[in-house]
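Residues: numbered from 1 along the sequence shown. Computed over heavy atoms, backbone and side chain alike; hydrogens, waters and symmetry mates excluded.
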Amino acid sequence: MPVASLLSGITDLLTTVVGDYGLYAVFGLMLIDAVFPAASEPVMVYSGAVAAGAFAGQDVVFLGASFEHGFPAYLAMALSGTVGYTVGSVLGWGIGDYGGRPFLERHGRLFQLDAGKLDRAERWFDRYDEWAVFLGRITPVVRSFISIPAGIFRSPFPRYTLLTLLGSAIWSFGLAGAGW
């Protein structure tokens, strides 16, 4: 299957899921993206477009209550992405903290992390310290590979969580804004 066709299929799937399940889909996909790359860019851009009312029949709904298209819906979608990504990042940090480097050296393929990526992550953390978390959260692709190494390298949890929240908010609000 050609790469363009595969990417088109993935984008179609993500937009359908976000369109059908709105806030829940954004939360879940961003939670997954914190540890496994799950295409957060199209998820958040499309969520912004849904919030703007760009697609007939696709509304932003939470627990049965509909958000009015426009800023309230945009705010809800962006917050859903931010919170979902932060929760997923905390889970990823816990995996790294609990399992440590030996666990990832044995099972890293599950998380798309190999010894080379762990070595690069360790150098990144050595060079930038806790700012590696913030910089990683606003860097495409890298953002999905920060959580577990942060736990492995014992990034202090309160600062890790705060910097993750800030970086995730910038990412989610910015991309949802682009779609809006």
Taking S155 for the side chain and G151 for the main chain, is one N or O donor matched with an acceptor at less than 3.5 Å?
no

Exam field: side chain S47 to backbone M44, donor-acceptor pair closer than 3.5 Å
yes

Out of curiosity, R159 CZ to F134 CZ, how far, rounded to the nearest 0.5 Å?
15.0 Å

Nearest 0.5 Å, please: how far is CD1 in I95 from CD1 in I152?
10.0 Å

What distance separates L163 CG from T86 OG1, expressed to the nearest 0.5 Å?
11.0 Å

Are V83 and F157 in one and the same hydrophobic cluster, where Ile, Leu, Val, Met, Phe, Trp and Tyr link if side-chain heavy atoms are under 4.5 Å apart?
no

Rounded distance [0.5 Å steps], CH2 in W93 versus OG1 in T161
8.0 Å

Return yes if a side-chain donor-acceptor contact under 3.5 Å exists between S147 and R137, otherwise no.
yes

Taking atom CD1 of I170 and atom CG of L175, what is their separation to the nearest 0.5 Å?
11.5 Å

Min side-chain heavy-atom separation L91-V35 under 4.5 Å:
no

Checking Y85 side chain against I32 main chain: does a donor-acceptor pair fall under 3.5 Å?
no

Taking salt bridge (Lys or Arg N to Asp or Glu O under 4.0 Å) as the cut-off, I'd like each qualifying pair that reaches into residues 146-155, sequence neighbours left out, listed once.
D97-R154

Quick check: closest heavy atoms across I146 and V133, and the distance to 0.1 Å?
CG2-CA, 4.0 Å

Quick check: is L165 connected to L29 through a chain of hydrophobic side chains (ILVMFWY, heavy atoms under 4.5 Å apart)?
no

Just by modelled atom types, is the G81 backbone N or O under 3.5 Å from a matching donor or acceptor in the W171 side chain?
no

Joint cluster assignment, F153 & L135, ILVMFWY side-chain distance < 4.5 Å
yes

L75 versus F173: any side-chain heavy-atom pair under 4.5 Å?
yes

To the nearest 0.5 Å, how far apart are CE in M77 and OG in S172?
11.5 Å

Minimum heavy-atom distance Y160-V90, with the two atoms named:
OH-N, 4.3 Å

Can you tell me how the ring of F71 sits relative to the ring of Y74, calling it parallel under 30°, perpendicular over 60° and tilted otherwise?
tilted

Any idea which heavy atoms bring A34 and G88 closest together, and the distance?
CB-C, 3.4 Å

Using a side-chain heavy atom cutoff under 4.5 Å and only I, L, V, M, F, W and Y, what cluster partners does Y98 have?
none

I want to check something: taking the side chain as every heavy atom from C-beta on, are L31 and F27 in contact at a cut-off of under 4.5 Å?
yes

Determine whether a donor-acceptor pair (N or O, by modelled atom type, separation under 3.5 Å) exists between the side chain of S80 and the backbone of A76.
no

